[in-house]
*Asks:* 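Okay, here's the structure, questions in a sec.
Basis for what follows: all heavy atoms, side chains included, without hydrogens, waters or symmetry-related copies. Please read all numbers here as calculations on a predicted model, not as lab measurements.
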Amino acid sequence: MERSRIVAANWKMNVLPSEAKTLAGQVARALPIKNVEVIICPPFTHLFSLMPFQSESLKIGAQNCNENLFGAHTGDISAQMLKDLGCSYVIIGHSERRARQSTENARISAKIHAALQAGLKPIYCCGEGLPIREKEAHIEFVKDQLESDLATLQKEHIEEIVIAYEPVWAIGTGKNASPEQAQEMHASIRKWLSARFGNDLSIQTQILYGGSVKAVNALALAKQNDIDGFLVGGASLNVDEFMKIVHSVSESAND
Ligand code: PGA
């Protein structure tokens, strides 16, 4: 079965609100690209102004949400608020948040439930750090993350989820996982999904790779059987570079 492809831009804490429409507009004008859905995930402050760019081929997502529907959580944003604004996706469990917020790991499952309840599609991030990779414990480590973050979900939830494998040692370092390293992990994630939720769901779940994806390495990664697209950080801030990545993913889908 051919899974549809996704390239998601994670702008992180970059781009000013006054610059966001220009950057998103350049991406929007370069779409649609065959077989690829593009998602832009800007900072919260830019979401409202980017909603008019949403289309069949371009969706807008947030970079995080709180696990509660509303209440006394100063400085936080709920999934319902994002949905009401018009967002389609929300990134949950990015390693930069897992590393810097001590309670983040324990909240991920609840955040996924909140996002799904609000009608958002979670882009759920998992991935190991360098010490784990060096010990060759990466497969087990990511399986444990999946168990603690996704095991309470029902089959119909998994249908709405996009998984992003992002090895921490590859994020923002310029050192991407090799196609073989990424494929090994993506196949293992799919195997875990199959054991937990059945083969049909595992086959239809989109699994993205993230970590120093650039125009030069995108095609080789995208050609791997279990890689269905990318979550792109740094390279998503340059339209030419980003669109080359989108084209590579499109090309790999046509193979
Ligand atoms: P990078 O970031 O492409 O800059 O490595 C990816 C991510 O953190 O999602």
Side-chain angles (χ1 to χ4, degrees), residues 8 10-13 39 41 43-44 47 61-83 87-135 137-172 185-186 188-193 195-197 201-202 205-211 231 233:
N10 176 10
W11 287 4
K12 308 192 180 186
M13 200 175 73
I39 306 166
C41 301
F44 288 132
L47 288 169
Q63 296 176 13
N64 181 40
C65 67
N66 188 281
E67 65 273 36
N68 296 286
L69 294 186
F70 53 84
H73 304 285
T74 304
D76 270 12
I77 306 278
S78 76
Q80 262 184 333
M81 291 172 187
L82 297 171
K83 179 68 184 177
C87 284
S88 305
Y89 288 88
V90 57
I91 297 174
I92 293 177
H94 192 282
S95 61
E96 285 157 12
R97 298 195 61 84
R98 288 184 190 256
R100 283 164 212 166
Q101 323 274 324
S102 58
T103 57
E104 186 69 7
N105 283 338
R107 295 167 67 193
I108 288 171
S109 175
K111 287 186 180 200
I112 291 173
H113 279 283
L116 290 165
Q117 203 181 333
L120 293 171
K121 288 176 181 262
I123 302 174
Y124 160 73
C125 301
C126 56
E128 82 288 354
L130 190 57
I132 308 268
R133 170 63 63 165
E134 283 173 345
K135 273 194 278 176
H138 49 287
I139 296 283
E140 277 311 307
F141 180 87
V142 170
K143 255 193 235 166
D144 287 347
Q145 280 187 323
L146 297 169
E147 276 295 332
S148 67
D149 299 335
L150 303 186
T152 61
L153 297 178
Q154 304 297 317
K155 282 188 175 184
E156 64 268 23
H157 295 144
I158 294 294
E159 278 172 20
E160 301 301 319
I161 281 194
V162 175
I163 297 177
Y165 167 57
E166 297 206 307
V168 180
W169 48 270
I171 295 178
M185 184 62 81
H186 283 226
S188 161
I189 292 171
R190 215 176 286 291
K191 204 164 141 204
W192 181 87
L193 284 170
R196 266 272 163 195
F197 299 103
L201 273 181
S202 93
T205 304
Q206 291 145 315
I207 308 177
L208 313 182
Y209 167 77
L231 181 53

*Asks:* For Glu67, enumerate each residue passing the side chain to side chain contact (heavy atoms under 4.5 Å, CB included) test, keeping only those at least two apart in sequence or located in another chain.
*Replies:*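 Scan of Glu67 (side chain to side chain contact (heavy atoms under 4.5 Å, CB included), adjacent residues dropped) gives Arg107, Ala110, Lys111.
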*Asks:* Return yes if some donor-acceptor pair links the side-chain N/O of Arg190 with the main-chain N/O of Ser202 below 3.5 Å, else return no.
*Replies:*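 Such a contact is found between Arg190 side chain and Ser202 backbone.
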*Asks:* Under 4.5 Å between any side-chain heavy atoms of Ile92 and Asp149, yes or no?
*Replies:*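 When only atoms from C-beta onward are counted, Asp149 and Ile92 do not touch, as no gap falls below 4.5 Å.
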*Asks:* Does the Lys83 side chain pair with the main chain of Gly119, one donor and one acceptor, at a distance under 3.5 Å?
*Replies:*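 Indeed, once roles are kept as given, a pair shorter than 3.5 Å links the two residues.
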*Asks:* Would you say the side chain of Asp76 lies within less than 4.5 Å of the side chain of Asn68, judging by non-hydrogen atoms?
*Replies:*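 Not touching, per the 4.5 Å side-chain cut-off.
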*Asks:* Would you say the side chain of Gln80 lies within less than 4.5 Å of the side chain of Gln117, judging by non-hydrogen atoms?
*Replies:*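 The answer is no, as the side chains (C-beta and beyond) never meet within the 4.5 Å cut-off.
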*Asks:* Does any part of the side chain of Arg98, heavy atoms only, come nearer than 4.5 Å to the side chain of Val168, both counted from C-beta?
*Replies:*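 Of all side-chain heavy-atom pairs linking Arg98 with Val168, none is under 4.5 Å.
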*Asks:* Give, for atom CD of Glu140 and atom CD of Glu147, the distance between the pair rounded to the nearest 0.5 Å.
*Replies:*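 Going from CD on Glu140 over to CD on Glu147, the span is 10.0 Å.
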*Asks:* Nearest heavy-atom pair of Ser109 and Ser148: which atoms, and what distance?
*Replies:*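 So the minimum-distance heavy-atom pair works out to CB-O, 4.0 Å.
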*Asks:* Can a side-chain donor-acceptor contact be found between Trp11 and Gln63 if the only test is distance below 3.5 angstrom?
*Replies:*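 Checked: Gln63/Trp11 side chains show no N/O donor-acceptor pair below 3.5 Å.
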*Asks:* For the backbone of Leu146 and the side chain of Arg196, can you confirm whether one donor and one acceptor N or O come within less than 3.5 Å of each other?
*Replies:*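 No.
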*Asks:* Short question: side chain of Arg133, backbone of His138 - any donor-acceptor pair under 3.5 Å?
*Replies:*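 Looks like no, no N/O pair under 3.5 Å.
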*Asks:* Taking only residues two or more places apart in sequence, or in another chain, which ones meet Tyr165 in a ring-ring contact (aromatic ring centres under 6.0 Å, His included)?
*Replies:*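 With sequence neighbours excluded, Tyr165 shows a ring-ring contact (aromatic ring centres under 6.0 Å, His included) to His186, given in chain and number order.
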*Asks:* I need the minimum non-hydrogen distance between Ala151 and Trp192, along with the two atoms involved.
*Replies:*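 Closest heavy-atom pair between Ala151 and Trp192: N-CH2, 4.4 Å.
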*Asks:* Please step through side chain to side chain contact (heavy atoms under 4.5 Å, CB included) for the pair Ile163 and Cys126, ending with a clear verdict.
*Replies:* CA-CA 8 Å; Ile163 297 177; Cys126 56; 4.1 Å; yes
*Asks:* Going through the checks in order, is the side chain to side chain contact (heavy atoms under 4.5 Å, CB included) test met by Cys125 and Leu231?
*Replies:* CA-CA 9 Å; Cys125 301; Leu231 181 53; 3.9 Å; yes
*Asks:* Just wondering, do Trp169 and Glu128 contact through their side chains at under 4.5 Å, heavy atoms?
*Replies:*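 Yes, at least one pair of side-chain atoms sits under 4.5 Å.
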*Asks:* Phe197 vs Thr205, test: side chain to side chain contact (heavy atoms under 4.5 Å, CB included). Steps then yes/no.
*Replies:* CA-CA 11 Å; Phe197 299 103; Thr205 304; over 6 Å; no
*Asks:* Decide yes or no for Ile39 and Val162: does some side-chain heavy atom of the first lie under 4.5 Å from some side-chain heavy atom of the second?
*Replies:*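 Side chain of Ile39 against side chain of Val162, heavy atoms only: no contact under 4.5 Å found.
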*Asks:* If I compare all heavy atoms of Glu160 with all of Pro122, which pair ends up nearest, and what's the gap?
*Replies:*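 In terms of heavy atoms, the two residues are closest at O-CD, 3.7 Å.
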*Asks:* Please report the closest heavy-atom contact between Ala114 and Ala79, naming both atoms and the distance.
*Replies:*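 So the minimum-distance heavy-atom pair works out to O-CB, 3.6 Å.
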*Asks:* I need the Ile139 CD1 to Asp144 CG distance, nearest 0.5 Å.
*Replies:*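 With rounding to 0.5 Å, CD1 (Ile139) is 11.5 Å from CG (Asp144).
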*Asks:* Any side-chain heavy atom of Gln145 within less than 4.5 Å of one from Leu150?
*Replies:*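 A side-chain contact is absent here, since even the closest heavy-atom pair is not under 4.5 Å.
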*Asks:* Only counting residues at least two apart or in another chain, list the ones meeting side chain to side chain contact (heavy atoms under 4.5 Å, CB included) with Ile77.
*Replies:*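 Result, side chain to side chain contact (heavy atoms under 4.5 Å, CB included) vs Ile77: Phe44, Met81, Leu82.
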*Asks:* Do side-chain atoms of Tyr89 reach the backbone of Ile91 as a donor and acceptor pair under 3.5 angstrom?
*Replies:*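 A pair under 3.5 Å: no.
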*Asks:* Within this structure, what is the SG-CG distance for the pair Cys65 and Leu120, rounded to the nearest 0.5 Å?
*Replies:*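 So the gap between those two atoms works out to 7.0 Å.
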*Asks:* If we only count heavy atoms from C-beta on, is the Ser95 to Ile171 side-chain gap below 4.5 Å?
*Replies:*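 Ser95 reaches Ile171 side chain to side chain.
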*Asks:* What's the spacing between Ile112 CD1 and Ile123 CD1 if we round to 0.5 Å?
*Replies:*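 These two atoms lie 11.5 Å from each other.
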*Asks:* With rounding to the nearest 0.5 Å, note down the distance linking CG in Leu116 to CD1 in Ile158.
*Replies:*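 It comes to 8.5 Å.
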*Asks:* Rounded to the nearest 0.5 Å, how far does CG of Leu201 lie from CD of Glu156?
*Replies:*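 Answer for the CD-CG pair, Glu156 versus Leu201, is 9.5 Å.
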